[in-house]
Q: 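Before I ask anything, here is the structure I am working with.
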Amino acid sequence: MIDKTAFYKLSYGLFVVTAHEGDKDNGCITNTVMQVTTTPNRITLAVNKDNYTHGMIERTREFNVSVLSEAASFDIFKHWGFQSGKDVDKALGITYSRADNGIIYVTEGVNALISAKVVDTVDLGTHTLFIADVVSAESLTEEPSATYTFYQKHIKPAPERPKKKGWVCTICGYIYEGEILPDDFICPICKHPASDFKPIG
């Protein structure tokens, strides 16, 4: 038996990973950035192959990591995590700066910036693990980093208590009304599967 809630207790940070290709800026929310060595200074990043950002990083071999702090608003998570760069221009309607590598980074609700260049990849099936050398790193504020637990407890709004029977997405709070949730249902907001829903009530 695998209890999925056990994985929620691992201490993940939360990040906006951004890339630039041609005249296109894009990015996504992730919790999969980790420093793995200091000599050389190297990080890893796992990205779902379905993410538009994945292809950009795969082709350009560069990315930035904006480390989200406890001051980050839910709007940041909605903007970078609940819509696809295939459908919208994520550089519109937000405040950002551009690093020396030409890639944008988030400036609000962020405490650090890391710029990296990919040196190797590992195929993980649904994801690619990018192994990258750190090109530059800068601490921006002293605000504590947002963990996944902090996000769940303090940033993500609590879902409204529905009057009808249904299912709630444990990732973003979307509510599916109905007694039976189809096995192949995909959340229209965060794109997570039916296994990440729980019954209401």
Side-chain angles (χ1 to χ4, degrees), residues 1-22 24-37 40-68 72 76-88 90 101 103-106 110 112-135 137 145-152 156 169-172 174 183-197:
M1 181 191 93
I2 294 179
D3 178 359
K4 284 192 173 184
T5 62
F7 297 104
Y8 300 158
K9 295 184 170 126
L10 292 172
S11 9
Y12 297 111
L14 289 163
F15 318 94
V16 177
V17 173
T18 46
H20 179 80
E21 183 178 29
K24 177 81 172 177
D25 292 300
N26 195 51
C28 63
I29 294 281
T30 182
N31 62 352
T32 57
V33 176
M34 183 173 71
Q35 183 182 24
V36 288
T37 62
N41 206 324
R42 193 163 278 178
I43 61 175
T44 58
L45 161 69
V47 184
N48 190 305
K49 292 176 182 177
D50 289 338
N51 282 14
Y52 189 75
T53 308
H54 173 278
M56 294 176 75
I57 295 173
E58 190 174 45
R59 291 184 293 273
T60 65
R61 314 290 285 183
E62 290 184 292
F63 61 90
N64 284 344
V65 177
S66 301
V67 181
L68 292 169
I76 291 174
F77 291 89
K78 286 197 298 184
H79 181 86
W80 295 102
F82 297 168
Q83 57 186 350
S84 172
K86 296 172 189 171
D87 308 316
V88 298
K90 290 191 182 181
N101 60 5
I103 301 172
I104 65 172
Y105 64 94
V106 182
V110 168
L113 165 67
I114 299 169
S115 297
K117 190 176 285 283
V118 175
V119 294
D120 203 358
T121 60
V122 178
D123 190 333
L124 301 177
T126 57
H127 291 60
T128 296
L129 183 71
F130 296 102
I131 302 165
D133 282 342
V134 174
V135 175
S145 296
T147 63
Y148 189 67
T149 299
F150 185 89
Y151 165 78
Q152 291 286 344
K156 183 177 85 169
C169 177
T170 59
I171 305 302
C172 71
Y174 173 80
D183 291 339
D184 60 352
F185 186 77
I186 301 294
C187 179
I189 304 297
C190 69
K191 310 303 181 198
H192 278 248
S195 58
D196 283 323
F197 280 71

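Nothing here was measured: the structure is a model prediction, and the numbers come from that model.
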Q: Are the side chains of R61 and T121 in touch, meaning some heavy atoms are under 4.5 Å apart?
A: yes
Q: Less than 4.5 Å apart, any side-chain heavy atom of W80 and any of C28?
A: no
Q: Looking only at non-hydrogen atoms, find the nearest pair between A19 and I57 and report the distance.
A: CB-CG1, 3.9 Å
Q: Answer yes when K86 and D50 have at least one side-chain N-carboxylate O distance shorter than 4.0 Å, and no when they do not.
A: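 Answer for the salt bridge query: no.
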Q: For residues P188 and F185, report the shortest heavy-atom separation together with the two atoms involved.
A: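 Looking at all heavy atoms of both residues, the shortest contact is CD-CZ, 4.0 Å.
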Q: If I take atom CD1 from residue I171 and atom CZ from residue F82, how far apart are they, to the nearest 0.5 angstrom?
A: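 Separation between the atoms: 9.0 Å.
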Q: Considering non-hydrogen atoms only, spot the tightest contact between K90 and N26 and give its length.
A: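 Result for this residue pair: CD-OD1, 3.6 Å.
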Q: Testing V36, V33, V122 one by one against T44 for a side-chain contact (heavy atoms from CB on, under 4.5 Å), which residue passes?
A: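 The single option meeting the side-chain contact (heavy atoms from CB on, under 4.5 Å) with T44 is V36.
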Q: Within the structure provided, determine whether V47 and F63 are in side-chain contact (heavy-atom separation under 4.5 Å).
A: no
Q: Got a donor-acceptor contact below 3.5 angstrom from the K191 side chain to the S84 backbone?
A: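 Flag not set: sc K191 to bb S84 has no pair under 3.5 Å.
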Q: Would you check if there is a donor-acceptor pair between the side chains of T32 and T30 at a distance under 3.5 Å?
A: yes
Q: Are side-chain heavy atoms of L124 and K49 found at a separation under 4.5 Å?
A: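 No, every pair of side-chain atoms sits at 4.5 Å or beyond.
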Q: Under 4.5 Å between any side-chain heavy atoms of V119 and R42, yes or no?
A: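 When only atoms from C-beta onward are counted, R42 and V119 do touch, with a gap below 4.5 Å.
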Q: Is the count of non-hydrogen atoms from other residues, nucleotides or ligands lying under 6.0 Å from D183 atom CG greater than 12?
A: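 Atom CG in D183 is not crowded, with 12 or fewer foreign heavy atoms closer than 6.0 Å.
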Q: Does a side-chain heavy-atom distance below 4.5 Å link I43 with V134?
A: yes
Q: Taking I104's backbone N and O only, do any of them form a donor-acceptor pair with T18's side chain (distance below 3.5 Å, no angle check)?
A: yes
Q: Output, in order, the C-alpha distance, side-chain angles, deciding distance and verdict of side-chain contact (heavy atoms from CB on, under 4.5 Å) for L68 and I29.
A: CA-CA 10 Å; L68 292 169; I29 294 281; 3.9 Å; yes
Q: Rounded to the nearest 0.5 Å, what separation is found between the NZ atom of K156 and the OH atom of Y148?
A: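 Spacing of NZ (K156) from OH (Y148) equals 6.5 Å.
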Q: Determine, stepwise, if the pair V118 / E58 fulfils side-chain contact (heavy atoms from CB on, under 4.5 Å).
A: CA-CA 8 Å; V118 175; E58 190 174 45; over 6 Å; no
Q: Which atom pair, heavy atoms only, marks the closest approach of E62 to N101?
A: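 Heavy-atom minimum between the residues: OE2-CB, 3.9 Å.
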Q: Restricting to non-hydrogen atoms, name the atom on N48 and the atom on H54 that form the minimum distance, rounded to 0.1 Å.
A: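 Closest approach of N48 to H54: O-CB, 3.3 Å.
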Q: State the CG-OG1 distance between N51 and T128, to the nearest 0.5 angstrom.
A: 10.5 Å
Q: Go through the steps to decide whether F197 and C187 satisfy the test side-chain contact (heavy atoms from CB on, under 4.5 Å), and finish with yes or no.
A: CA-CA 9 Å; F197 280 71; C187 179; 3.7 Å; yes
Q: Find the distance between NZ (K117) and OG1 (T60) and round it off to the nearest 0.5 Å.
A: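 These two atoms lie 8.5 Å from each other.
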Q: To the nearest 0.5 angstrom, please state how far the CE atom of M56 sits from the NZ atom of K24.
A: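 Going from CE on M56 over to NZ on K24, the span is 7.0 Å.
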Q: With a 3.5 Å distance limit and no angle check, can you tell me whether T170 reaches the backbone of D196 through a side-chain donor-acceptor pair?
A: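 Yes; at least one donor-acceptor contact below 3.5 Å.
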Q: Rounded at 0.5 Å granularity, tell me how far CG in N31 sits from OG in S11.
A: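 N31 CG to S11 OG: 11.0 Å, rounded to 0.5 Å.
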Q: Would you check if L14 and F150 make a side-chain contact, meaning some heavy-atom pair closer than 4.5 Å?
A: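 SC-SC contact between L14 and F150 ruled out.
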Q: Considering all heavy atoms of both residues, which atom of T53 and which atom of V17 are nearest to each other, and what is their separation?
A: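 Answer, listing the atom of T53 first, then V17: CG2-O, 4.0 Å.
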Q: Tell me, do L45 and L129 make a side-chain contact under 4.5 Å, heavy atoms counted?
A: no
